[in-house]
Amino acid sequence: MEDYTAWTDEVIGKIRLKMAWSSEKNKNKIPYTTNEYGEYDDKADTSREWRIDDGINWWTNGFWAGIQWLLYQDTGEERYKEIARISERMLEQCFSGFYGLHHDVGFMFVPAAVADYRLTGNDDSRKAGMHAANLLAGRFNPAGRFIRAWNDLEQDTRGWVIIDCMMNLSLLYWAWEESGDPRFKHIAMMHADTVMKYFVRPDGSVNHLVEFDPVTGEQVRCYGGQGYEEGSAWARGQGWALYGFMISYLHTGKNDYLDTARKIAQYCVSNIPESGILPLDFRQPKEPAYEDSCGACVIAGGLLEFARCASANEREIYLRAAVKILRAIADERADFDDSCDAIVKGCSAAYHSPAHDMTMNYADYFFIEAVYKLKGTGKLLW
Ligand code: GLY
């Protein structure tokens, strides 16, 4: 098996240098993306008017703290813990608003409060994590055995489920392991089973959005969501599915989840271009050639988790694929200098949105996490 130590050490050195100043500079913000001057925005800015699901309720708000916890695990430096906690305290304000919260309390609280509790045993963080887990469990629809994604803003979304929620299940598994209350695990597993049945196609590609009848629980239809169209294969959705089924497998040991992750991993690996730069959607037209570095980093993280659990024969294939993606990001899409607060460039929000070629705090999170995974250091925070 190839030794990646020299490469990971080199990249980790660059990450440390970059995050030392960027974390300090942005310590009182909850950033999402950078502007044309390379400066981070601030989702915790209370002087602005936000849509109800934006601002402090924005779904990526846990990743800034998450980056700090990754660096804290790596360096042991107290300042990363302090910056993560500034972020956590700001983020907890979302609980009092309530109406703006959605299924992504998993994405918001796992890399922040739950990571804090896992690494330091901080009881305030445990409380925040349990509170978020109860909100997530409260979104479960027993008729359809699914977790509702969003609230009604422009339309009736009572029966809408998205593949991304596979990552949110991590919060429920943690709450189950922490409290001993199996309701959290039952809900997570019923949702994962529904996703296995209605989202994962025989070739290992996945639907982004499936609508169910919220009263009877029957499937209504599928949508293309953030991908190109219905039936296409949104790369970041493939990543959420792959990494998400690995999380379900790691917490429950249910082999169906590992087999499902394998199918999705095979689809991803057979569609990685020679360049290692991933398209936004594996089934998008040749032009415009939108790409998504963020989806690439999520897929790399999922492949590394899968490789750890795969048979000796398969391990090398998935490890190499993950490394190919990460090298392409590090060599072609990463900014390690001081002209931009973020590292990973070339991210896209959605195929049909104008937001392409941007930075995203969670692309940085999953890139940094994947490099540490490859190095073999740090606890799994999911
Ligand atoms: N969870 C939404 C996204 O991946 O853009």
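As the structure lists them, so they are numbered: ligands from 1, and atoms in each ligand from 1. Just so it is clear, the values below take in all heavy atoms, side chains as well, and ignore hydrogens, waters and symmetry mates.
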> Can Y257 and D193 be counted as having a side-chain donor-acceptor contact under 3.5 angstrom?
Replying inline: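 Yes, because at least one side-chain N or O of Y257 sits under 3.5 Å from a partner of the opposite role on D193.
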> What are the two closest heavy atoms between A363 and C347, and how far apart are they?
Replying inline: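 Nearest heavy atoms, A363 then C347: CB-SG, 3.6 Å.
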>> If the condition is side chain to side chain donor-acceptor pair (under 3.5 Å), which residues does N122 pass it with, not counting sequence neighbours?
In response: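 Per chain and number, N122 pairs via side chain to side chain donor-acceptor pair (under 3.5 Å) with D116, S125.
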>> Under the rule for side chain to side chain donor-acceptor pair (under 3.5 Å), what residues qualify as partners of D292, not counting sequence neighbours?
In response: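 Applying side chain to side chain donor-acceptor pair (under 3.5 Å) to D292 gives R236.
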>> For residues 314-342, which residue pairs pass the ring-ring contact (aromatic ring centres under 6.0 Å, His included) check, not counting sequence neighbours?
In response: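 Of all non-adjacent pairs touching residues 314-342, those that pass ring-ring contact (aromatic ring centres under 6.0 Å, His included) are F306-Y318.
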>> Using modelled atom types and a 3.5 Å cut-off, is there a donor and acceptor pairing between side-chain atoms of Q284 and backbone atoms of Y290?
In response: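 Looks like yes, one N/O pair under 3.5 Å.
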Between the protein and ligand 1, which nitrogen or oxygen pairs come in under 3.5 Å, and how far apart is each?
from, atom 1, to, atom 2, distance (Å)
ligand 1, 1 (N), D164, OD2, 2.6
ligand 1, 4 (O), D164, OD2, 3.4
ligand 1, 4 (O), R236, NE, 2.9
ligand 1, 4 (O), R236, NH2, 3.4
ligand 1, 4 (O), W240, NE1, 3.0
ligand 1, 5 (O), Q226, NE2, 2.8
ligand 1, 5 (O), R236, NH2, 2.5
ligand 1, 5 (O), Y362, OH, 3.4

